[in-house]
Asker: 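I am attaching a structure below and will ask some questions about it afterwards.
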Amino acid sequence: MIIEMNNIQKQFDGLEVLKDISFGVDKGEVVSIIGPSGSGKSTLLRCATFLETIDGGEILYMGKRAAHTDASGHAVYVSPQELRHFRSYCGLVFQQFNLFPHYSILKNLIDAPMHVQGKSKEEAEDIAMDLLGKMGIADKANAYPYQLSGGQQQRVAIARALAMKPEILFFDEPTSALDPELTGEVLKVIRQLADEHMTMVVVTHEMPFAKAVSNRVLFMDGGVIVEQGDPIDVFEHPQEERTKQFLRVFER
């Protein structure tokens, strides 16, 4: 199993955002997380990628524990050096691309492999150009983010995450900032990655995509996993009333 999150709890200013969440993702699996805004989906991803600290629970990558709750009930993380190693297992693609505006597209891709992983410029550029070619935007290597469409920028963001060769890729609503035409471009790339058995967790409002591409779907609401299972079961035969209510909105 690539990642296990057990009994995860997270509060902001006394408000429980994640309430005893547990789930895991196997190698090659695509898991989609759906649910209304404010249900804790993005916070869960930020905890999984160590951008937020948990208040309780346990996080394991590749069977090794990165964080746990001690006897006093406090969350304890491994050392900063060890945490850097755990961070290398995962990549995160954001809603708003988060590219460096003053870097060329190529420099956006090669910066982390060179400075974090110690790759030579030549090796980093070879990896970057291969990924940009895979994304269909190799001709944009010397352009700057402002010169690209939203869909192209998001494909650069995906390529940048893949350049670090993560074991698992997390997507936080990767198409929410895009219009429908550009959304299709990005979803096509994620479909291709799924076909190549890239391990992925995708927070999305694109229900047909989640149904078609996922091995498993989680429905979250109010900081808990209300229902999870095979996409056909969740979308066509939901068991929980709250899931049924949520999915009715998308059937209209």
Side-chain angles (χ1 to χ4, degrees), residues 1-10 12 15-26 28-49 52 57 92-96 150-151 154 158 168-195 197-252:
M1 191 168 281
I2 303 291
I3 183 174
E4 289 178 71
M5 299 184 79
N6 300 316
N7 309 112
I8 300 298
Q9 299 165 39
K10 178 64 181 176
F12 291 111
L15 176 68
E16 275 192 297
V17 179
L18 299 176
K19 307 171 186 176
D20 199 26
I21 294 260
S22 297
F23 85 110
V25 184
D26 286 320
E29 191 176 21
V30 180
V31 177
S32 287
I33 305 178
I34 62 172
S37 298
S39 57
K41 306 184 301 296
S42 294
T43 300
L44 182 62
L45 259 57
R46 292 178 67 83
C47 289
T49 53
E52 295 282 359
L92 177 59
V93 178
F94 300 87
Q95 297 177 31
Q96 300 293 343
Q154 192 59 294
I158 295 170
I168 183 170
L169 204 49
F170 294 90
F171 293 85
D172 187 7
E173 298 189 19
T175 61
S176 65
L178 305 176
D179 65 38
E181 186 176 3
L182 300 180
T183 291
E185 292 179 16
V186 174
L187 294 182
K188 182 180 177 184
V189 168
I190 300 175
R191 283 175 187 267
Q192 289 171 347
L193 292 173
D195 289 342
H197 306 292
M198 179 73 199
T199 310
M200 295 184 284
V201 176
V202 187
V203 169
T204 183
H205 288 298
E206 301 291 334
M207 299 302 143
F209 169 81
K211 184 177 179 181
V213 174
S214 311
N215 301 109
R216 187 156 43 99
V217 172
L218 275 60
F219 170 62
M220 282 183 67
D221 189 31
V224 301
I225 296 174
V226 176
E227 187 164 352
Q228 63 175 307
D230 179 272
I232 300 298
D233 292 336
V234 173
F235 284 109
E236 297 186 7
H237 311 289
Q239 300 299 304
E240 301 295 328
E241 186 56 37
R242 183 65 188 97
T243 316
K244 294 174 184 175
Q245 290 172 355
F246 177 76
L247 292 174
R248 272 189 216 116
V249 175
F250 291 92
E251 293 170 359
R252 289 173 190 164

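On a predicted model such as this, the values are computed, not experimentally measured, just so you know.
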Asker: Show your reasoning for whether side-chain contact (heavy atoms from CB on, under 4.5 Å) applies to Phe170 and Val25.
Answerer: CA-CA 11 Å; Phe170 294 90; Val25 184; 5.9 Å; no
Asker: Got a sec, which residues hit side chain to side chain contact (heavy atoms under 4.5 Å, CB included) with Val234, two or more places apart in sequence or on another chain?
Answerer: Val217, Thr243
Asker: Could you tell me whether Gln245 atom CD has more than 12 heavy atoms of other residues or ligands within 6.0 Å of it?
Answerer: yes
Asker: Considering residues at least two apart in sequence or located in another chain, which fulfil the salt bridge (Lys or Arg N to Asp or Glu O under 4.0 Å) criterion with Lys211?
Answerer: Glu236
Asker: Take Met5 and Ile21 through the test side-chain contact (heavy atoms from CB on, under 4.5 Å) and record every step on the way to the result.
Answerer: CA-CA 7 Å; Met5 299 184 79; Ile21 294 260; 5.7 Å; no
Asker: Can you measure from OG (Ser37) to NE2 (His205) and round to the nearest 0.5 angstrom?
Answerer: 4.5 Å
Asker: Check step by step if side-chain contact (heavy atoms from CB on, under 4.5 Å) holds for Phe12 and Glu52.
Answerer: CA-CA 11 Å; Phe12 291 111; Glu52 295 282 359; 3.9 Å; yes
Asker: Minimum heavy-atom separation for Lys19 and Val224, please, with both atom names.
Answerer: O-CG1, 3.7 Å
Asker: Are the side chain of Gln154 and the backbone of Val186 linked by a donor-acceptor contact shorter than 3.5 Å?
Answerer: no
Asker: What pair of heavy atoms forms the shortest contact from Pro231 to Ser214, and how long is it?
Answerer: CG-O, 3.2 Å
Asker: Given side chains that start at C-beta, do those of Thr175 and Phe209 come closer than 4.5 Å, heavy atoms only?
Answerer: no
Asker: So Leu193 and Ile158, do their side chains get closer than 4.5 Å, heavy atoms only?
Answerer: yes
Asker: Would you confirm whether Lys41, through its side chain, and Val202, through its main-chain N or O, come within 3.5 Å as a donor-acceptor pair?
Answerer: no
Asker: Between Thr43 and Arg46, is any pair of side-chain heavy atoms under 4.5 Å apart?
Answerer: no
Asker: Taking all heavy atoms of Ala177 and all of Gln95, pick out the closest pair and write down the distance.
Answerer: CB-O, 3.7 Å
Asker: Minimum heavy-atom separation for Gly150 to Leu178, with atom names?
Answerer: C-CD2, 3.4 Å
Asker: Going from CD1 on Ile3 to CD on Glu29, what distance comes out if it is rounded to the nearest 0.5 angstrom?
Answerer: 12.0 Å
Asker: Could you grab the distance from atom OG1 of Thr49 to atom CZ of Phe94, nearest 0.5 Å is fine?
Answerer: 6.5 Å
Asker: Can you list the steps and then say if Val249 with Met207 is a side-chain contact (heavy atoms from CB on, under 4.5 Å)?
Answerer: CA-CA 11 Å; Val249 175; Met207 299 302 143; over 6 Å; no
Asker: Pro36 versus Arg242: any side-chain heavy-atom pair under 4.5 Å?
Answerer: yes
Asker: Can you name the nearest heavy-atom pair linking Gly28 to Asn215, along with the distance?
Answerer: O-OD1, 3.9 Å
Asker: Is there side-chain contact between Leu247 and Phe219, with at least one heavy-atom pair below 4.5 Å?
Answerer: no
Asker: About how many Å separate CE of Met1 and CZ of Phe23, when rounded to the nearest 0.5 Å?
Answerer: 10.0 Å
Asker: With rounding to the nearest 0.5 Å, note down the distance linking CD1 in Ile225 to CD in Glu240.
Answerer: 12.5 Å
Asker: Leu18 and Cys47: which non-hydrogen atoms are nearest, and at how many Å?
Answerer: CD1-SG, 4.1 Å
Asker: Does the distance from a Lys or Arg side-chain N to an Asp or Glu carboxylate O, for Arg248 and Glu241, drop under 4.0 Å?
Answerer: yes
Asker: Any sub-3.5 Å donor-acceptor pair from Glu173's side-chain atoms to Phe171's backbone N or O?
Answerer: no
Asker: What is the distance from atom CE of Met198 to atom CD1 of Ile168, rounded to the nearest 0.5 Å?
Answerer: 8.0 Å
